[in-house]
Structure formats: C-alpha cells, structure tokens
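Below you'll find the structure, written out as structure tokens, and then a few comments.
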Amino acid sequence: MDRVLRATSLLLLFLYLSISSVEAQTHKKYEMRGAWLTTVYGLDWPSKPARTALEEQRQREELSDLLDQLHEIGINTIFLQVRGRGDLLYPSDIEPLSPSIRSKSDTRPLGYDPLDFAIQECHKRDMTLHAWLVALPLGNEQYLKALPKTAYAKQNREKCILYQGEWYMDPAGHSTREHLRAIVRDLVARYPVDGVHLDYIRYPDHPAKFPDSRSFQQSKKEGETLQEWRTDNIHKIISEIHDEIKAVDESILLSCATIGNYRELEGEEHIGWTALESVYQDPKAWAEAGIVDFIVPMMYSKKGVTVPFVQDWTQSISVPVVAGLGAYRVLKEEGNWSVADVMSQAELMSSEESLLGTCFFRGDQIVQRHYGIRQPLTTHFAKQAVLPYPSGSIEGEVDATDFALKSDADGVTLSWRPKTMAPKLYTIYLKTQGQEPNRSTGEDLYKVTSASTITIPWSLLDADEDLLTIIIGSYNLHTRVESLDDFRLLYHHRPSLSE
C-alpha cells in the first residue's frame, strides 16, 4: 500500500506499522512490570465491604484511582487476587463472594461485577489483568465464620486438612483438583482475563508434619518417595488447570508464584527455604511438560536476590521468569527495609537480560507516597518503553487507519484511528539518518501507547540531519500479537522559525 503524500514540509512514504525507543537505556523490548493487588482483608483493595449502592460506587472509584496511580508509575501488568481463602471476588455459583466485597449478612444483589469492572479498567490503562487465585489455603476457623455455609471448607470438611491452625485443600485429593478445575473453567469462560496466576500452589510452610501419611501409603506408586509423591501432586493440579484454560482460550497465560529460590546452590550462602526442596514445587518439570507459561519466584529476602540464584532460575527453567520483589518489606513489622534496599533489587533485576521483568508485592507500598518507592520506581520505569510480554507474531494488518501527519515548531505529530475496539497498544519505532529501525529489540522502540496520536520532538534530530524513519505497529493486549504490515513513514524537513 505505497502512498506518497506531498506537502511543502512533508515527504511521506507509508510502508510499515510498529513502536520503538531511540535513546533506550537498555535494549529490552519486553518487560513485565507487575503489581500484586491483594483483596483478602482488603489489604490493597477494597478498603471496606460495600453495604449500599453508594459504597459499591466508592469501591469502583477506589480501584480506578489505584489503577491510575499504578499506570503513572509504569506498571503494565496487574495480578488481581480473585480467590482469597475459598471465596471469590466475583459472583459465582461455585464459591461464595469474598467478604472483602460484601459481608455474609448482606443478601441483596451485587450492583456491579468487580472482576469485569477491573478488566475493563485495566485495559483502558494499557494494562493486562491476570486473575490471581490462592490455590490450597482455606483460612482459619475465624475466617471461615465469615463465609456462608456454601463455602468449600464447610461443605467438604472431611476432604480438607487442618494444619497449624489453618485449613487446606488436600493437595493429593481428587476432589481438590476437580474443584479447582471447576473454578478456573468458570472463570475463563465468563471473563476475558489475560492470564490465570496460581499462588500457594504448594505444601504449607514447614510441611514435615503435614498429616498426609495415610493418603501417601494408600496412593503412592511402588518405590515412590514422599518427596516425589508430594511433588507429583502439585504437578497434577497445575497440569489439569492448564488443560482447562487452554481448552477455552489458548492465549490465556498460566503462571505460578513460587518460593523465591529454586534450590540450594553449591558454593552459595545456605538459603534454607527453596521451592524444590522445601514445599515440593518443581517449576523446571512444569516448564518441560508445557503446563505453565511463566513463573514468578517471590524473592522477598536480601540474601536470595543475587545474580547466581537469579541465573539458576533462568538457566534451569525453559519459560520466562519474572522476579517477585517484596516492596512490603518497607513496613516496620515486615523488615523495615529502606527504599534503597527495594530499588537496588529492582535495578538489578531490570539489568538481568534473561528475566522477563519484575512484580511487586504489594500495590499499596509502591503507590503510597509516604513509603518513598513511588517516585524512584516511576523514574526507573520511564527510562524505556516496553511491551508487557513477548509477542507471538509480527505478521498481519495493523489495527489502525486514517493516518495523518503534521509538523510545527514542537515536532512531528502523527495521528491515526483504531479499526477495532480490541484492547491494544501501539508501538512506535524511530531511526534517524534514513536508517531502518530495529523491531526485534527495544533499541529503537520510542513509545508504547494506547493513544491514537504521538508527537516526536525535533530534539531527536541532529541539526544537520532531519530524516526520520517511523514504523508503527499494534500489539493486542490479550493475544500478545504485534501486527506489522507494509506501512513505513519517511519524514524529511524541519520547519524554520519563519514557517
């Protein structure tokens, strides 16, 4: 679709569509910049259960404001907790509504769907939403009292295990896998989530005395050890959930939060708390079996967030790895870390080319200004435009039309009109001196935006060279396909002050 548009100050040749950065600090094209939003006990949202239509409206406004702030920081991926302790953030016949949204005693119809609202609000702000489910913990007796009699733990007490004062779904139980499959099947069939994120998909802390010896003796294979049996139980749950998701929509990502370190490393400081050896998580086997799309190790300590342990993840696991960082550690009762402690980890993780990105726990600590993380994190993320997850294709027609270009004393303004309502980002790649922008890395990725206009300042051009090559593309937030067709724009001529 060659086109030449002539004007006194413009020479346009449209051949291509995509977005990139001219003066990038690093050359990453993809970087997940995530935040976990905790809804159990209303830790991040909502601040209180709604009893009236007005309070429901305040819940919506509160979430919109929180997402605005996260977007301003540079967060592009939200992990929203939609299952807390056997309860859900959205209306369902499978489990009761979370007491964070509505108290048990309130029986009137819910005036809005919190998950549907959250998905729409995230997509408006160029963010993807991953539905975060706490898999096996069901809470203590006090928590269960706040849930109606339809709760899984109340209906299936004999299929649950009480350990150290907390109730758990039995990791070895067929009913556990069946129930979790039903939740996920219902979730992905009804909501256009971009991903499903499994948390606490493991055995409880300090599981040496976890009371499952009878089940082990009854169901183990010949010669199978307790370690192997428990590891296989977790593997089966993830595998069956994976199959449920992909049967509905192949593009929905499945991820798991894991303990922060994969295993002990010879020659490195003893950690004493690892995914493989302590809680029966084997992400390497999950990746090799093709049942996860990425993992998020929760690196909430200082001694474990070091290059050797990070490289052990990325070199052992054949799927992308996102470093989970503990912003909550700035709380006095959680470690009293300094802002420098958090930011040094964030900067180290960004510099690791093998990592897909970082995710912060929790949203509140990176948003609230009094913790001091917000401004340095915003500055850190502003250094480079990125896409949240690797794209599956660079072929196809760009989701844009009606391109127009004008120039003035400030720069070159390019505008267009979206073709569809699909949630998307536009990618803008730039190169000076008539060269071809590199679209495979972030080297020439100038801007990532959901807006339909962009101004490129004259400061990007040298005084004696004013030839720009601009390539524009569209990136579908849900399918993660970056479309590029035969559109390229060559711009020549900077207007003089008299013009």
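Here, residue 1 is the first one in the sequence, and each next residue gets the next number.
- For the residue pair D341/Q345, the side-chain donor-acceptor check at 3.5 Å is not satisfied.
- With hydrogens and angles left out, the side-chain atoms of W286 and Q281 include no donor and acceptor closer than 3.5 Å.
- The neighbour count for Q142 CD, taken as heavy atoms of other residues, nucleotides or ligands under 6.0 Å away, does not exceed 12.
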Full working for ring-ring contact (aromatic ring centres under 6.0 Å, His included) between Y328 and F360: CA-CA 8 Å; Y328 77 102; F360 294 89; over 10 Å; no
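- With salt bridges taken as basic N to acidic carboxylate O contacts below 4.0 Å, one links R374 and E72.
- Every residue two or more places apart in sequence or in another chain was checked for a side-chain hydrogen bond (donor to acceptor under 3.5 Å, both in side chains) with T378, and none qualifies.
- Side-chain N/O atoms of Y191 and D113 include a donor and acceptor closer than 3.5 Å.
- Within a 6.0 Å sphere centred on CG of D93, heavy atoms belonging to other residues, nucleotides or ligands number 12 at most.
- Counting heavy atoms from C-beta on, the side chains of F294 and L254 never come closer than 4.5 Å.
- Remark: aromatic rings of H130 and W36 are distant, center separation not under 6.0 Å.
- Annotation: Y143 is in aromatic contact with Y41 [ring centroid separation under 6.0 Å].
- A salt bridge links D293 with K246: the closest approach of a Lys/Arg side-chain nitrogen to an acidic carboxylate oxygen falls below 4.0 angstrom.
- A donor-acceptor pair shorter than 3.5 Å can be found between the side chains of Q375 and T379.
- Residues F309 and Y262 keep their aromatic ring centres 6.0 Å or farther apart.
- Within 6.0 Å of CD in E222 there are 12 or fewer heavy atoms belonging to other residues, nucleotides or ligands.
- Using modelled atom types, one side-chain atom of K28 and one backbone atom of E352 make a donor-acceptor pair closer than 3.5 Å.
- At a threshold of 4.0 Å, the pair R230-D212 counts as salt-bridged, since one of the basic side-chain nitrogens sits closer than that to a carboxylate oxygen.
- Side-chain contact of W313 with T258: a donor-acceptor pair under 3.5 Å is absent, judged by distance alone.
- Salt-bridge formation is not detected for the pair R202/D199: no Lys NZ or Arg NE/NH1/NH2 atom is positioned less than 4.0 Å from an Asp or Glu carboxylate oxygen.
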Using the rule given for ring-ring contact (aromatic ring centres under 6.0 Å, His included), can you reason through F210 versus F216, listing the C-alpha separation, both sets of side-chain angles and the distance that settles it, and then say yes or no? CA-CA 11 Å; F210 190 70; F216 170 58; over 10 Å; no
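- Separating the CD atom in E62 from the CG atom in L67 is a distance of 11.0 Å, to the nearest 0.5 Å.
- At distances below 3.5 Å, not a single donor-acceptor pair connects side-chain atoms of Y90 with backbone N or O atoms of L97.
- A donor and an acceptor atom, one from each side chain of S450 and D126, are located under 3.5 Å apart.
- In this structure, the side chain of Q227 engages the main chain of L276 through a donor-acceptor pair within 3.5 Å.
- Side-chain contact of S391 with Y30: a donor-acceptor pair under 3.5 Å is present, judged by distance alone.
- Contact check on E121 versus R125 returns a salt bridge, with a Lys/Arg side-chain nitrogen under 4.0 Å from an Asp/Glu carboxylate oxygen.
- A salt bridge between E31 and K383 is absent, with no side-chain N of the basic residue lying under 4.0 Å from a carboxylate O of the acidic one.
- In terms of heavy-atom proximity, V339 sits nearest to G372 at CG1-O, 3.4 Å.
- Within the 4.5 Å cutoff, the side chain of L37 has heavy atoms near those of the L70 side chain.
- Looking at N261 and T274, their side chains never bring a donor and an acceptor atom within 3.5 Å of each other.
- For the side-chain hydrogen bond (donor to acceptor under 3.5 Å, both in side chains) with H179, the lone residue among K159, E95, Q155, H174 that qualifies is E95.
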